[in-house]
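Report on one structure; see the data block that follows.
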Amino acid sequence: MATLEIKDLHVEVEDEEKQTKREILTGVNLSMKTGEIHAIMGPNGTGKSTLSQTIMGQPAYHVTKGDILLNGESIIKMPVDERARKGLFLGMQYPAEIQGVTNAEFLRAAMNARRPQDNQISVMAFLKELDKNLELLDMSQEMTERYLNEGFSGGEKKRNEILQLLMIKPSFALLDEIDSGLDIDALKVVSKGVNSLRGDDFGSLIITHYQRLLNYIVPDVVHVMMGGRIVKTGDADLAQKLEDEGYAGLRDELGLDVNLVDED
Amino acid sequence: MTEAVQNYETLKTDVASAAKAHNEPQWLVDHRVAAIDDLVDLGFPNMQRFQYSDWTLTPTDEPLEFKDSDKSLADSVPFADDRIQFVQAGQTTVAVNLPDDLKQQGVILTDLFTALHDHAELVEKYLFREIKLGEDRLTSYHAAYLNSGLFLYVPKGVVIDKPIEAYLIQDSTRKQPMVSHVLIVADNDSKFSYIQHMATVGDVANAASAAVEMVAKPNSEVHFSSLDELGENTTSYLKRRANIGDNATVDWAIGLMNDGKTVGDFDSELIGKSSKADSKVIAVTSGEQREGINNRVTNHGKRSTGFILQRGVLLKKSELVFNGIGDIIHGASGANAEQENRVLMMSNEAHGDANPILLIDENDVLAGHAASVGQVDQEQMYYLMSRGIARPTAQRMVIRGFLSAVIGAVPLPEVRQQMIDILERKLEDGQQLE
Ligand SMILES: Nc1ncnc2c1ncn2[C@@H]1O[C@H](COP(=O)(O)OP(=O)(O)OP(=O)(O)O)[C@@H](O)[C@H]1O
Ligand SMILES: [Mg+2]
């Protein structure tokens with residue numbers, strides 16, 4: 001069993017133009033284990049992506065206080081690639097495009113990166129695994145011969161994030177709005193992909209705005225984030241309640257002093 | 001001064017007698033001699049922000065000589081019967097493979113000096129008509145000391161679907177400059193790809209003067225690509241020029257992977273109406289290497305379109321200067337000239353420049369440029385590393401993407417892979433010192 005613990009996490013970003021710093025995460029606490037699926041919901045601009053990027057190690061985000069522990073070990077000083085090899089994966093809201101490197105070549109490099117030099121995956125084993133996952137995600141072989149994400153549609157990019165997830169099989173997958181821009185069929189396919197990994201060795205932190213995704217990937221725990229921290233934690237029913245009542249209701253119920261985007 | 005002039009008189013007699021002994025037609029002998037006169041008067045071509053006047057690019061102390069090279073220098077060339085291939089090691093043509101059906105259609109692929117005899121009229125009509133007398137010291141030297149090369153002629157309306165491959169191997173197992181001239185004539189409505197791989201065998205310090213002179217007649221379409229891989233001890237001058245006729249298209253995809261000092265002077269002359277040129281160059285420099293490139297597209301014809309794209313990667317203490325020159329001549333109304341020049345600095349000690357130069361003498365035109373000197377894209381790095389890929393590998397992947405405009409345009413998978421392998425080797429080697 002693996003664990004991921006976020007303790008009183010404070011994070012700033014620097015605005016390079018204005019030369020100012022701004023605190024975005026204001027004390028996040030969250031613990032999870034493999035075997036569990038957690039969901040995070042919250043209004044736009046509240047810091048959900050910031051949290052996932054900080055866990056992954058995006059250099060723009062500076063931890064000013066608190067810690068992130070993976071299996072009890074602090075990772076906040078670790079480079080991004082090392083965190084990934086230790087078992088973290090981030091399905092990004094806006095995946096980068098890289099010309100000149102085929103999807104297949106990239107996938108192999110990513111898988112080999114976590115294997116010892118003398119035990120790299122064979123071409124046969126790789127292709128077998130790839131075919132299996134392509135089929136599961138209803139993706140064509142042709143997608144793997146194209147350059148990484150280049151010219152992919154929004155939905156194709158998301159599907160490709162899940163393909164990577166299935167190939168890499170991390171301990172923890174942080175999935176940032178993996179459902180945005182997906183049509184209903186794609187949403188089901190992507191959910192099927194994530195669900196196929198469910199089990200004792202896999203945990204996921206799913207960021208979403210829509211309860212609908214959570215009908216397909218039923219979470220064990222739902223967190224609500226507002227004003228840069230987690231303000232409420234509950235079970236799957238909490239998502240339904242938010243869907244019905246919106247964030248303003250919860251904010252007022254908790255007596256929080258945060259601005260919601262659609263109010264200003 | 002009189003002594004110098006006398007020296008030049010001696011050079012003229014020496015060159016003339018070597019050319020005659022080589023059974024060359026009188027017009028070529030005269031052309032060589034006239035070129036030596038130009039050598040006296042003319043300077044090196046002007047290259048902004050790049051200083052190379054002390055390079056040994058015109059070694060007139062080495063006589064014009066015709067000597068065979070060992071054919072085994074070409075052993076690494078992947079011969080195949082079903083491909084269209086030309087292989088030259090030093091001055092020795094090792095193999096020419098041109099399928100019979102193309103021969104019957106009138107396609108010519110042969111050693112330049114053989115062509116001077118077998119296709120005398122054609123060669124006289126086109127040789128040194130685009131790269132002319134009186135330009136600069138480097139082209140003059142080239143004409144005077146020409147000692148190897150090939151002639152490719154594709155007749156009217158002939159379309160060739162397989163790429164024509166030329167392997168030009170510099171023989172640096174001995175002291176002798178490589179002065180190689182590739183003459184390509186694409187007659188009306190013809191269409192083909194030509195791919196050229198230049199490499200060095202041996203490590204004797206030598207000069208190389210390698211030219212491509214191309215005529216693309218109306219409605220023709222030529223896709224040129226090159227993998228230039230001259231050795232560390234070769235100081236090279238690369239001259240490439242195309243005259244592009246009405247409605248004709250020439251694409252250049254030039255992969256400069258030389259290890260030695262290099263100056264490149266590339267010209268697309270958009271002479272015809274609605275003619276098109278797309279001139280792409282990538283370069284990787286390392287060590288103490290210095291490289292300067294002029295990539296010029298000149299719009300003469302109405303509605304002609306020229307694109308320049310240059311991308312370079314600098315490692316260690318190298319220097320790389322890209323000048324992109326878009327020249328629109330008065331009268332070229334409706335012309336379009338776009339360019340993009342970018343260099344990536346992989347080391348603090350490298351010196352790179354991406355310099356767009358637009359010379360516009362016509363109102364009714366479209367022109368634009370983009371240039372940058374920068375670092376590896378951090379967002380792409382982050383994405384790759386977030387999948388566990390270590391920084392050096394991720395860097396090489398991002399760089400390959402940065403250079404993919406040319407790599408992707410190489411029509412043969414095998415040569416494309418070779419280009420990638422050379423790139424990987426250069427980058428790995430360059431990264432170690434960081
Ligand atoms: N790199 C950055 N530079 C400057 N500001 C940033 C940066 N990243 C995030 N922010 C700011 O931090 C706040 C939180 O952004 P974040 O992307 O984490 O929100 P989110 O909860 O994911 O929102 P959404 O639901 O719209 O995706 C926003 O105000 C955003 O503008
Ligand atoms: Mg977000």
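Below, read A as the first sequence line, B as the second, and so on, with proteins coming before strands; counting in each chain starts at 1.
Counting heavy atoms from C-beta on, the side chains of Arg387(B) and Arg85(A) never come closer than 4.5 Å. Side chains of Ser386(B) and Gln58(A) form no contact here, defined as non-hydrogen atoms less than 4.5 Å apart.
Look at Glu82(A) and Arg391(B) and you find no salt bridge, because none of the NZ, NE, NH1 or NH2 atoms lies under 4.0 Å from a carboxylate O.
A pairwise comparison of heavy atoms in Gly388(B) and Ala113(A) identifies O-CB, 3.2 Å as the closest pair. Summarising the geometry of Glu97(A) relative to Gln380(B), their closest heavy-atom pair is O-NE2, 2.8 Å, with the distance given to 0.1 Å.
Here the straight-line distance linking atom OH of Tyr383(B) with atom CG of Leu148(A) works out to 5.5 Å at 0.5 Å rounding.
Contacts with chain B were tallied for Ala60(A), Gly57(A), Pro95(A), Pro59(A); Pro95(A) has the most, counting heavy-atom pairs under 4.5 Å.
For Thr393(B), no part lies near chain A; criterion is any non-hydrogen pair under 4.5 Å. Ile389(B) touches chain A through backbone and side chain together, each having a heavy atom under 4.5 Å away.
Under a cut-off of 6.0 angstrom, the local environment of NZ in Lys169(A) is crowded, with over 12 non-hydrogen atoms contributed by other residues, nucleotides or ligands.
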Would Tyr382(B) and Gln53(A) satisfy side-chain hydrogen bond (donor to acceptor under 3.5 Å, both in side chains), going step by step from the backbone distance to the final call? CA-CA 10 Å; Tyr382(B) 170 60; Gln53(A) 297 281 17; 2.3 Å; yes

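Phe224(B) is linked by a ring-ring contact (aromatic ring centres under 6.0 Å, His included) to Tyr194(B), Trp252(B), counting only residues two or more places apart in sequence or in another chain.
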